[in-house]
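Worth saying up front: this structure is predicted, and the values here are computed from it rather than measured.
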Amino acid sequence: MAPLPEAPEPDADVIVVGAGPAGMAVSVELARAGRRVIVLDMQPQPGGQIFRGLEENLAEGHALQPLMAALGPAYAAGAALIGAFRTTPGIDFRPAHTVWEVRRDGTVGWLQGAAAGYLRAGHVVLANGAMERPVPFPGWTLPGVMTAGAVQTLLKAGRMKPAGRVAMAGTGPLIFLLADQLRRLGVRPVMLARTDRLRDQIGALPQLRRPALPALAKGLGWLAQLHLAGIAMRRGVTGIEALGDGKVEALRLWQGARATEVPCDLLIVHDGIVPSVDLAQGAGVQIDWNERLQAWQPATRADGQAMPAPGPALVDGPCRVLIAGDARQIAGAEAAMAHGPLVAAALLQQDTRQSRVQLRKSLQTRAFLEVAFPPALTTGGPAGTTTVCRCEEIDAATLDGLIRAGVQDMNQLRGISRCGMGPCQGRHCAVTLARMIRARTGHAPVPFRARPPVRPLPLGALAALQGRDPALTGIVSLDDKPVVTTDV
């Protein structure tokens with residue numbers, strides 16, 4: 001028997017995927033303890049979504065003072081963490097790197113430009129954050145319909161603000177914060193259509209704890225400023241529709257049976273955020289359905305150690321994947337920065353009690369927010385000709401017909417309809433499809449089976465792959481192949 005090829009040498013002690021609040025926090029703690037850390041991020045600068053573009057915006061100084069003032073002190077507060085991340089020895093930051101595969105043995109597949117390859121470490125920390133919950137509704141694919149996170153990206157990184165009539169719909173702190181930021185920049189929304197109701201906030205009062213009071217006061221301050229500015233606001237909105245010919249021209253909103261149309265040039269929607277689970281799932285981590293969140297989240301211990309999913313795996317051995325911040329549990333930037341040191345302490349086998357106390361304190365606001373601002377734009381699910389899978393242009397009626405006919409396994413639905421086979425690999429349709437199955441069957445859906453690459457990988461990069469594992473790429477045997485003969 002031929003000897004097995006030697007395993008490649010590790011490139012670092014820890015590979016961190018994502019340079020947002022959690023990823024930077026865990027990297028700084030590990031590097032200060034003498035560990036070699038490689039940090040991979042898709043963006044050109046560290047900061048993640050919450051601190052996106054902060055370095056460049058601060059470097060501009062007085063010229064961007066109005067923008068910095070509008071984005072607020074919570075945005076500027078990220079400068080200290082970014083500074084520590086940039087100056088701590090031992091952190092090898094690799095921007096503009098897309099991660100297309102993670103294995104639970106510590107192997108990470110990366111792509112930069114036309115080059116791709118593998119890196120290996122003793123552990124991998126997934127700190128790839130969250131994404132906005134997809135909100136399929138009639139007209140949501142029209143040009144001029146955007147999510148709150150996308151508009152914030154344009155503000156922070158593009159230094160652009162909306163023009164014309166802006167309507168907003170949804171619920172939760174992010175859309176209230178964005179409305180106030182736009183107000184500070186001189187953009188006065190024509191309507192803020194809120195899906196939350198007063199009884200939601202009253203019902204959340206038992207969840208309110210003293211550490212959450214500053215965050216509550218901040219939110220009340222945003223709403224007070226919006227009211228003082230005379231911005232129209234509707235509560236208890238039960239449905240929305242974007243109207244227009246070739247682009248959005250109006251928002252139609254319902255409050256029960258009552259419909260109202262609001263002319264607009266831009267419609268901003270937001271229905272909460274959910275963990276980004278594609279990398280964790282591809283790594284063979286167990287993914288559970290969270291009924292309150294109406295989305296999946298990875299199964300982990302409090303210190304971030306991921307639980308392997310049952311069944312066969314590509315690689316043997318213990319699970320060396322940990323998950324930090326919003327990629328593990330939606331809780332916001334402050335909690336993500338508190339969770340990073342806890343994950344680092346667990347990897348360093350240090351006492352985690354202090355980190356656990358800090359994390360528990362930062363999570364005090366979350367229970368109140370989940371009850372006070374429940375996801376509602378997606379309540380009931382899409383219907384009729386509303387597009388669910390944008391990549392493959394599959395509507396709700398087609399999927400609902402298959403579900404009613406008995407096709408209730410997500411992988412089977414994908415095979416029949418191609419839903420989830422597009423470039424996004426189901427990131428923007430899987431949660432909606434799962435909620436449709438949940439409504440019809442009453443059971444928690446099993447997500448799409450994940451296979452690498454979880455992000456598009458050019459064929460040229462695949463052909464020239466660097467750092468391949470000979471144990472996994474070598475041909476073992478062709479003895480089981482049938483012999484083909486032809487008669488001359």
Can you give each donor-acceptor pair under 3.5 Å made by side-chain atoms of residues 329-339, sequence neighbours left out, with the distance rounded to 0.1 Å?
unit_1, atom_1, unit_2, atom_2, d
H339, ND1, G325, N, 3.1
H339, NE2, A302, O, 3.0

Residues Q152 and Q49: side-chain donor-acceptor under 3.5 angstrom: no

Electrostatic pair R328:D326 at N-O distance under 4.0 angstrom: no

Sidechain N-carboxylate O distance under 4.0 Å for R94, D41: no

Closest contact, heavy atoms only, A12 versus R36: CB-O, 3.5 Å

Pair T260, R252: side-chain N/O donor-acceptor within cut-off below 3.5 Å: no

R159 with E60: basic N within carboxylate O range, under 4.0 Å: yes

Distance-minimising heavy-atom pair for A280 and P298: CB-CB, 4.4 Å

R390 NZ/CZ over W140 ring centroid, <6.0 Å and within 45° of normal: yes

F368 and F373 aromatic ring geometry - parallel, tilted or perpendicular at 30°/60° bounds: perpendicular

Pi-cation contact, Y118 with R103 (under 6.0 Å, within 45°): yes

Residue pair D278 / Q425, side-chain donor-acceptor N/O under 3.5 Å: no

No-hydrogen, no-angle side-chain donor-acceptor test under 3.5 Å, Q297 and N290: yes

Flag, side chain of T88 to backbone of F85, donor-acceptor distance under 3.5 Å: no

Heavy-atom closest contact (I268 atom, I175 atom, distance): O-CD1, 4.1 Å

Nearest non-hydrogen partners of A31 and P89, listed with the distance: CB-O, 3.4 Å

More than 12 heavy atoms from other groups under 6.0 Å of CD on E261: yes

Candidate pair R188 and I231, rule side chain to side chain contact (heavy atoms under 4.5 Å, CB included), full reasoning: CA-CA 7 Å; R188 187 174 179 273; I231 294 172; 4.0 Å; yes

Residue pairs, two or more places apart or on separate chains, that pass salt bridge (Lys or Arg N to Asp or Glu O under 4.0 Å) and touch residues 65-86: E55-R86

Closest non-hydrogen atom pair, L71 against Q181: O-NE2, 3.4 Å

Y75 and F51 aromatic ring geometry - parallel, tilted or perpendicular at 30°/60° bounds: tilted

